[in-house]
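Count residues from 1 along the sequence. Ligands are counted one by one from 1 in listed order, and the atoms in each one are counted from 1 as well.
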Amino acid sequence: MTGDVGLFGGTFDPPHLGHVCLLETVTPALAPARILVMPAGRPPHKDRTRASPEDRLVMARLAFASLPGVAVSDWELSRPEVSYTADTLRHLRAAAPSGRLWLIVGADMFLTLPTWRRPEEIFALARVAVLVRAAGQERAVAETAAFLAHRFDAAVDIVPHTPVEVSSSALRAQLASGEGAALLPAGVFDYIRARGLYACQAT
Ligand code: ATP
C-alpha cells in the first residue's frame, strides 16, 4: 500500500447518509490515496450492536464501496478480540511504512479521544481529521484540538463540513416504525427491508 491513507471506523449499525456526506467532504479535503472504512467488531465505545457483524459489513459495502477512493475493510471484524484504534493504526502503518495516516472522526467521537486506549500511540501514528456532525460543535472541537496538541503533541485537522444531521440510533428507531429511508443509501435500505433488520417490515 503506498500513499496517504485515511481510517474511518464505526459501528455502521446501519451506515447512513451522514457517513456518506462526511466521506464526500473529507476525500477532496485530505486527498488521500484511499480511505479505509473499518466496521468495528466488538466496539470498545458501545455496549453492543444490533445487526450482526456480517450484516454490518454488507451494509458498509453497499453504502461506501462505490465512493471514489474508498474501500471497506473487514480487518477489525475478522479479529476475535476487541478492536482498539491504536492496534488498527499500527497494522496500517506496518502495511504502509511511508505516507501519512489520518484517523477520520466525527465531532462526538473526537471529543472522547482523550479517554481512548493508548491515545499517545494513536497520535504518534496518525494525524486526526475531525468533522462536525451538528451545528454548534465548532467551539468544543477547537478546544479539544488545542488540548490534544498540548497534552499529546497531536496533529489535528479540522475539516470544514456541513453535516447531514442523522445518527444510526435515531434511524434504528425510525426504521422500526417504517420510516428513515430518505436518510439511508438506497441499497442499504433495500437490504435492511429484505432482511427485516431493526424490526423493519418488508412490504
Ligand atoms: P449511533 O447513533 O449508534 O451512536 P452513529 O450514527 O454515531 O451511531 P457510528 O457508526 O458510531 O454512527 O459513527 C462512525 C463515525 O461517523 C464516528 O466518527 C461518528 O462521529 C461519525 N458520524 C456519524 N454520524 C455522522 C454525521 N451525521 N455527520 C458526521 N459524522 C458522523
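- To the nearest 0.5 Å, the span separating CD on Glu54 from CE on Met59 amounts to 11.0 Å.
- Heavy-atom contacts of Phe8 reach the following atoms of ligand 1: 15 (C), 16 (O) (cutoff under 4.0 Å).
- The number of heavy atoms from other shown groups lying within 6.0 Å of CZ (Arg151) does not exceed 12.
- Each of the atoms 10 (O), 14 (C) of ligand 1 lies under 4.0 Å from some heavy atom of Gly10.
- In this structure, Val164 is part of the shell of residues with a heavy atom less than 4.0 angstrom from ligand 1.
- Leu171 and Val188 fall within the same hydrophobic cluster, where Ile, Leu, Val, Met, Phe, Trp and Tyr residues are linked whenever their side-chain heavy atoms come under 4.5 Å apart, directly or through other members.
- No option in Arg117, Arg90, Glu121, Arg118 other than Arg117 meets the side-chain hydrogen bond (donor to acceptor under 3.5 Å, both in side chains) test with Tyr84.
- Expressed to the nearest 0.5 Å, how far CD1 of Ile192 lies from CZ of Arg172 amounts to 10.5 Å.
- Within ligand 1, the atoms closer than 4.0 Å to a non-hydrogen atom of Met109 are 17 (C), 18 (O), 20 (O), numbered from 1 in the order shown.
- Contact atoms of ligand 1 toward Ser169: 1 (P), 2 (O), 3 (O) (distance under 4.0 Å to a heavy atom of the residue).
- Checking side-chain atoms of Arg56 against main-chain N and O of Ala40 turns up a donor-acceptor pair under 3.5 Å.
- Inclusion of Asp13 in the set of residues having an N or O under 3.5 Å from an N or O of ligand 1 is not warranted.
- Of all the atoms in ligand 1, the ones that sit under 4.0 Å from a non-hydrogen atom of Leu22 are 29 (C), 30 (N).
- The shortest N or O to N or O distance between Ile104 and ligand 1 is not under 3.5 Å.
- For Thr11, the heavy-atom gap to ligand 1 drops under 4.0 angstrom.
- Note that CG of Leu103 is 6.0 Å distant from OG1 of Thr85, once rounded to the nearest 0.5 Å.
- Considering backbone and side-chain atoms alike, Gly9 places every N or O at 3.5 Å or more from each N or O of ligand 1.
- Under the side chain to side chain contact (heavy atoms under 4.5 Å, CB included) test applied with Pro185, the options Leu62, Asp190, Leu67, Leu17 reduce to a single match, Leu17.
- The residue from Gln137, His161, Arg50, Arg133 that puts a heavy atom closest to atom 26 (C) of ligand 1 is Arg133.
- Set against the non-hydrogen atoms of Asp108, the atoms of ligand 1 under 4.0 Å away are 19 (C), 20 (O).
- Using a 30° and 60° split on the angle between ring planes, Phe123 and Phe152 fall in the tilted class, from 30° to 60°.
- The contact set between ligand 1 and Ser168, taken as ligand atoms under 4.0 Å from a residue heavy atom, comprises 1 (P), 2 (O), 3 (O), 5 (P), 6 (O), 8 (O), 12 (O).
- Where the criterion is an N or O separation shorter than 3.5 Å, residue side chain and backbone included, Pro163 fails it with respect to ligand 1.
- Residue Phe12 approaches ligand 1 through these ligand atoms, each under 4.0 Å from one of its heavy atoms: 10 (O).
- The backbone N or O of Glu24 lies less than 3.5 Å from no partner atom in the side chain of Thr27, so there is not a single donor-acceptor pair.
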